[in-house]
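The first residue of the sequence shown is numbered 1, and numbering continues consecutively from there.
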Amino acid sequence: MVRQARAEITRDTVLAGAAHVFLRLGYANASLSEIISQSQVTKGALYFHFGSKEELARAVIDEGVRRLTTACRALDDGRIPALEAEIGVSYITVDLAITDPMVAAMFRLKHQIGDYRGTGENVMEGWAEYHTGLARRAIDEGDLEADLDPLTTGMLFLEVIVGAHMVAVATDSTKELSARMERLWHYLLPSLVPGRKLDYFREFAARRVLRYGA
């Protein structure tokens with residue numbers, strides 16, 4: 001048990017070091033020697049857990065997705081309306097993409113590797129299914145217009161969130177992401193929610209900025 005615990009600690013240490021290196025250098029420029037130096041483990045310890053740079057990168061993607069999923073599930077537990085959950089998830093996603101190196105590295109690696117996968121299914125396809133589910137629930141709950149298509153709306157949610165992050169990274173303006181997300185919701189909501197609910201959801205989105213910072 002002690003040996004297993006130590007092995008898990010070593011694996012987590014390598015993953016953390018790899019996330020920092022991939023985030024700083026990108027997949028193509030990152031080397032295993034740089035990751036070993038960053039992680040402060042031996043070459044043997046790294047190769048005990050990961051057979052190649054690609055295998056290590058895919059493990060970082062898996063861990064980043066796991067952390068993001070866990071954070072979103074803590075908010076979207078089925079007890080709050082789906083549209084409120086969607087808005088909250090949008091802020092959580094862009095916040096972790098800035099503050100958690102593992103999540104940030106996941107966002108960078110999933111397209112640099114070329115197939116948007118960790119060790120399992122396509123990450124984007126899973127996210128599309130999740131946001132489509134929230135859209136469907138929000139329509140059923142009456143917080144989105146009844147004539148909206150759940151798939152189209154869910155994909156719109158995903159495209160807004162991922163797109164906002166990509167633009168912020170590309171323009172070196174990630175500190176403004178929460179404020180930008182509030183602006184996106186401000187202009188997006190009128191086309192999605194019944195008129196009588198617009199003020200409420202705009203205010204709800206604006207309050208999220210106070211939690212995650214402007």
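Both Y130 and I61 are members of a single hydrophobic cluster when ILVMFWY side chains are connected at heavy-atom separations under 4.5 Å. Each of V94 and L23 belongs to its own hydrophobic cluster when Ile, Leu, Val, Met, Phe, Trp and Tyr are linked at side-chain heavy-atom distances under 4.5 angstrom. In the hydrophobic cluster analysis, where Ile, Leu, Val, Met, Phe, Trp and Tyr join through side-chain heavy atoms closer than 4.5 angstrom, F48 is grouped apart from L15. Connection of L192 to M155 is not established within any shared hydrophobic cluster, with ILVMFWY side chains joined at heavy-atom distances below 4.5 Å, either directly or through further cluster members. Two different hydrophobic clusters hold V160 and L151 under the rule that ILVMFWY side chains link at heavy-atom gaps under 4.5 Å.
Side chains of L83 and P81 form no contact here, defined as non-hydrogen atoms less than 4.5 Å apart. Side-chain contact check for V193 versus D143: every heavy-atom pair is 4.5 Å or farther apart. For the pair E54/Y27, a side-chain contact is recorded, criterion being any heavy-atom separation below 4.5 Å from C-beta on. The shortest distance between side-chain heavy atoms of R180 and V167 falls below 4.5 Å. Two residues are said to be in side-chain contact when any heavy atoms from C-beta on lie closer than 4.5 Å; V123 and R117 fail this criterion. In this structure, P150 and I139 have side chains that are in contact, with non-hydrogen atoms separated by less than 4.5 Å. The closest side-chain heavy-atom distance from E145 to P194 is below 4.5 Å.
Closest approach of A104 to A97, counting heavy atoms only: CB-O, 3.2 Å. Between I80 and L75 the shortest heavy-atom distance is CD1-O, 3.8 Å. The nearest pair of heavy atoms linking L148 to S191 is CD2-O, 4.4 Å. Residue L109 comes nearest to A57 through the heavy atom pair CD1-O, 3.8 Å, listed as atom of the first residue, atom of the second, then distance. Heavy-atom minimum distance, A164 versus L184: CB-CD1, 3.8 Å. Looking at every heavy atom in both residues, P101 comes nearest to H20 through CG-CE1, 3.7 Å.
In this structure, CD1 in I113 is found 11.0 Å from NZ in K110, a value given to the nearest 0.5 Å. Going from atom CZ of R183 over to atom CD of E176 covers 13.5 Å, rounded to the nearest 0.5 Å. In this structure, D147 CG and D149 CG are separated by 10.0 Å, a value rounded to the nearest 0.5 Å. With rounding to the nearest 0.5 Å, the separation of CD1 in I35 from NZ in K43 is 13.0 Å. Between I92 atom CD1 and T99 atom OG1 the span is 10.5 Å, to the nearest 0.5 Å. Going from atom CD1 of I36 over to atom OH of Y47 covers 6.5 Å, rounded to the nearest 0.5 Å.
Between the side chain of T42 and the main chain of A45, a donor-acceptor pair closer than 3.5 Å is present. For the pair K197 (side chain) and G142 (backbone), a donor-acceptor distance under 3.5 Å is present. Not a single donor-acceptor pair under 3.5 Å links the side chain of R208 to the backbone N or O of Y91. Although no hydrogens or angles enter the test, the distance criterion places a donor-acceptor pair under 3.5 Å between the side chain of K53 and the main chain of A30. Counting only distance, with no hydrogens or angles, the side chain of T132 and the backbone of A128 share a donor-acceptor pair below 3.5 Å. Without hydrogens or angle criteria, Y116 side chain to E125 main chain gives no donor-acceptor distance under 3.5 Å. Remark: the backbone N or O of A82 is paired with a side-chain donor or acceptor of E141 at under 3.5 angstrom.
Under a cut-off of 6.0 angstrom, the local environment of CZ in R73 is sparse, with at most 12 non-hydrogen atoms contributed by other residues, nucleotides or ligands. Summarising the local packing, CG of D115 is surrounded by more than 12 heavy atoms from other residues, nucleotides or ligands at distances under 6.0 Å. For CD of E121, the number of neighbouring non-hydrogen atoms (other residues, nucleotides, ligands) closer than 6.0 Å is 12 at most. Dense packing is recorded around CE of M124, with more than 12 heavy atoms of other residues, nucleotides or ligands lying under 6.0 Å away.
D62 and R67 are not joined by a salt bridge, as no carboxylate oxygen comes within less than 4.0 angstrom of a charged side-chain nitrogen. E55 and R58 are not joined by a salt bridge, as no carboxylate oxygen comes within less than 4.0 angstrom of a charged side-chain nitrogen. With respect to R24 and E34, a salt bridge is recorded, a charged nitrogen being found less than 4.0 Å from a carboxylate O.
R136 and T153 are not linked by any side-chain donor-acceptor pair at a separation below 3.5 angstrom, with hydrogens and angles left out of the test. Residues Y200 and E84 bring a donor and an acceptor atom of their side chains to less than 3.5 Å of each other.
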*Starting from the C-alpha separation in whole Å, work towards a yes-or-no answer on salt bridge (charged side-chain N to carboxylate O under 4.0 Å, His left out) for E63 and R66.*
CA-CA 5 Å; E63 178 60 17; R66 186 196 68 78; 2.7 Å; yes

*So V103 and V65, side chain to side chain contact (heavy atoms under 4.5 Å, CB included) or not? Walk me through it.*
CA-CA 7 Å; V103 177; V65 171; over 6 Å; no

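Remark: T93 engages L68, C72, V89, F107, I161 in a side-chain contact (heavy atoms from CB on, under 4.5 Å) (not counting sequence neighbours). For W185, the side chain to side chain donor-acceptor pair (under 3.5 Å) criterion is met by S90, not counting sequence neighbours.
Cluster partners of V169, using a side-chain heavy-atom cutoff of under 4.5 Å among ILVMFWY residues and allowing indirect links: none.
When each of H186, E182, R207 is checked for a side-chain contact (heavy atoms from CB on, under 4.5 Å) with R202, only H186 meets the rule.
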